[in-house]
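Only one structure is covered here, and it is reproduced in the block below.
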Amino acid sequence: MENESVILHKNKDKAIRNRHHWIFSGAVKSFPPGFENGSILGVRSFEGEHLGYAYFNEKCSIAGRMISFDETLPLEAIKKSIKDAIALRQQLYDEKTNAFRLVNGEGDNLPGLVVDRYADVLVIQITTLGMEKLKPFLVEALTEKFSPRCIYEKSNLPSRREEGLADFEGLLAGEMVNTVEISENGVRFLVELPGSQKTGFFLDQREMRKLVRSHSRGRRALDCFSYTGGFSVYALAGGATNVDLVDTSEKALALARQNLKLNGFEGEANHFYVADVFEFLRQQELSYDFVILDPPAFAKKKTDVMQACRGYKDINRLVFQKVPGRSFVLTFSCSFFVDEALFQKVVFQAASDAKRNVRIIQRHHLACDHPISIYHPESDYLKGFLLYID
Ligand code: SAH
């Protein structure tokens, strides 16, 4: 491995020394001869100092991603990172919660890899060729640590295309599991593996679901972009009188219905609307005093930001205009390109247009099983406000 190193251009080692994982193609002076895309190489500064190990793909603007920042050999470093990731989660969750993100990419020193635990099932997501090549090793390491009932891969993300990877979804190890029941803060959910969104469940909102539970007593709740009913079940568990759920996905709502039932909430009072939230908010009266707005990322790239902000403003304005006084509104943006300051401006404009007094009573970010390396703020995407409308 000694001679198989990438050499960086002069003064292009600073980010790496700061433990940032990414090596942009412009920073690379030379690849070793015969190097194959996706393989792991040493990384050296222009002056020849060894900085660690990264896997590389010449086709990508992010040509390399660091997996070790010292002499630790790559596979050893990966094993250690998995072990460290598990150790953190063991300190975060008790037996009431058996679903969480075990590995959060760069935030756990494992760029290109996400591993979510759903009870005795692991779902992995791979976004880079380098990680793809490590798949057999990862499956073995995870099997050794967890002996899971199955390891299922859900790698269907547009970012794989730049890496030259097609989407992939399927069983990697163990027996096929279509639906798994999880427990989160004592609340139960069914998570579907094939065909579901993300890796099956929106784990990043766990702390917010808990917040919803603690503020729902006696409230009429509206769960917009409800997916499989995460917020709705918690609202009912917290004593909400009823919940209405709105999502364009009939499949997600069918599972939401099952999730309500699983927790003993079957009443006639709850309604499931297969509908576009924008239209729903325009058409309905909105006699709710707890509204949740958790849309998908409206800005998938930088150039989408303006359009995305218009979308965020529309839904927030419609809610502010129509809800009665003394209502809670929990509003989110999970677009990386819309940062918290910008999102707050959008909410300001929506409030101002609606001519309502709106106050932030709590701010929200990613749940703690989604750690963000201080050196790698690029993994931070979720921001939300709990608002009180006078
Ligand atoms: N709040 C959910 C996650 C929301 S993900 C949870 O905590 O589990 C976003 C959801 O919005 C998806 O289920 C998707 O089907 C839905 N969606 C996307 N665009 C929509 C639209 N215009 N109207 C209604 N639902 C939409």
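Basis for what follows: all heavy atoms, side chains included, without hydrogens, waters or symmetry-related copies. First listed ligand is number 1; within each ligand, the first listed atom is number 1.
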Quiz question: by atom type and distance under 3.5 Å, do the side chains of [X] and [Y] form a donor-acceptor pair?
{"X": "Tyr312", "Y": "Thr331", "value": "no"}
{"X": "Ser232", "Y": "Asp223", "value": "yes"}
{"X": "Tyr93", "Y": "Arg117", "value": "no"}
{"X": "His370", "Y": "Asp380", "value": "no"}

Should [X] be counted as touching ligand 1, given the test is an N or O pair under 3.5 Å?
{"X": "Phe225", "value": "yes"}
{"X": "Gln205", "value": "no"}
{"X": "Thr228", "value": "no"}
{"X": "Asp247", "value": "yes"}

Problem set entry | Nearest-neighbour protein heavy atom for atom 17 (N) of ligand 1, which is reported as residue plus atom name and distance |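 In this structure, atom 17 (N) of ligand 1 has Thr248 OG1, 3.5 Å as its nearest protein heavy atom.
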
For this session: Provide, to 0.1 Å, the distance between atom 12 (C) of ligand 1 and the closest protein heavy atom, together with that atom's residue and name.
Result: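 Ranking protein heavy atoms by distance from atom 12 (C) of ligand 1, first comes Gln197 OE1, 3.2 Å.
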
Problem set entry | Worked verdict on Thr72 versus Asp70 for side chain to side chain donor-acceptor pair (under 3.5 Å) | CA-CA 6 Å; Thr72 316; Asp70 51 34; 2.5 Å; yes

Which ligand 1 atoms are under 4.0 Å away from a heavy-atom of [X]?
{"X": "Val277", "value": "21 (C), 23 (N), 24 (C)"}
{"X": "Ala275", "value": "23 (N), 24 (C)"}
{"X": "Pro296", "value": "9 (C), 11 (O), 18 (C), 19 (N)"}
{"X": "Arg209", "value": "7 (O)"}
{"X": "Ser249", "value": "15 (O)"}
{"X": "Asp276", "value": "21 (C), 22 (N), 23 (N)"}

Exercise. Counting only heavy atoms not in Glu140, do more than 12 fall under 6.0 Å of its CD?
Worked result: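 Count not over threshold, so no.
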
Problem set entry | Proximity winner for atom 2 (C) of ligand 1, if only heavy atoms of Asn259, Asp294, Val233 are counted |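 It is Asp294 whose heavy atom sits nearest to atom 2 (C) of ligand 1.
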
Exercise. Of the listed options (Phe202, Phe280, Phe231, Phe332), which comes nearest to atom 8 (O) of ligand 1 when hydrogens are ignored and any heavy atom counts?
Worked result: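 Heavy atom nearest to atom 8 (O) of ligand 1 belongs to Phe202.
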
Exercise. How does Ser226 reach ligand 1, if at all, at less than 4.0 Å between non-hydrogen atoms: by side chain, backbone, both, or neither?
Worked result: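 Looking at Ser226 and ligand 1, just backbone atoms fall under 4.0 Å.
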
For this session: With side chain to side chain donor-acceptor pair (under 3.5 Å) as the test, would you mind laying out the steps for Asp116 and Thr199 before giving the verdict?
Result: CA-CA 7 Å; Asp116 285 343; Thr199 65; 2.5 Å; yes

Problem set entry | Least distance between heavy atoms, Asn242 atom then Asn270 atom |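 Closest approach of Asn242 to Asn270: CA-OD1, 3.3 Å.
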
Exercise. Is it true that Lys80 and Asp84 have a side-chain N and a carboxylate O under 4.0 angstrom from each other?
Worked result: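 Salt bridge flag = yes for Asp84 with Lys80.
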
Problem set entry | N-O pairing of Glu163 and Arg65 below 4.0 Å |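 Result for this pair is yes, salt bridge flagged.
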
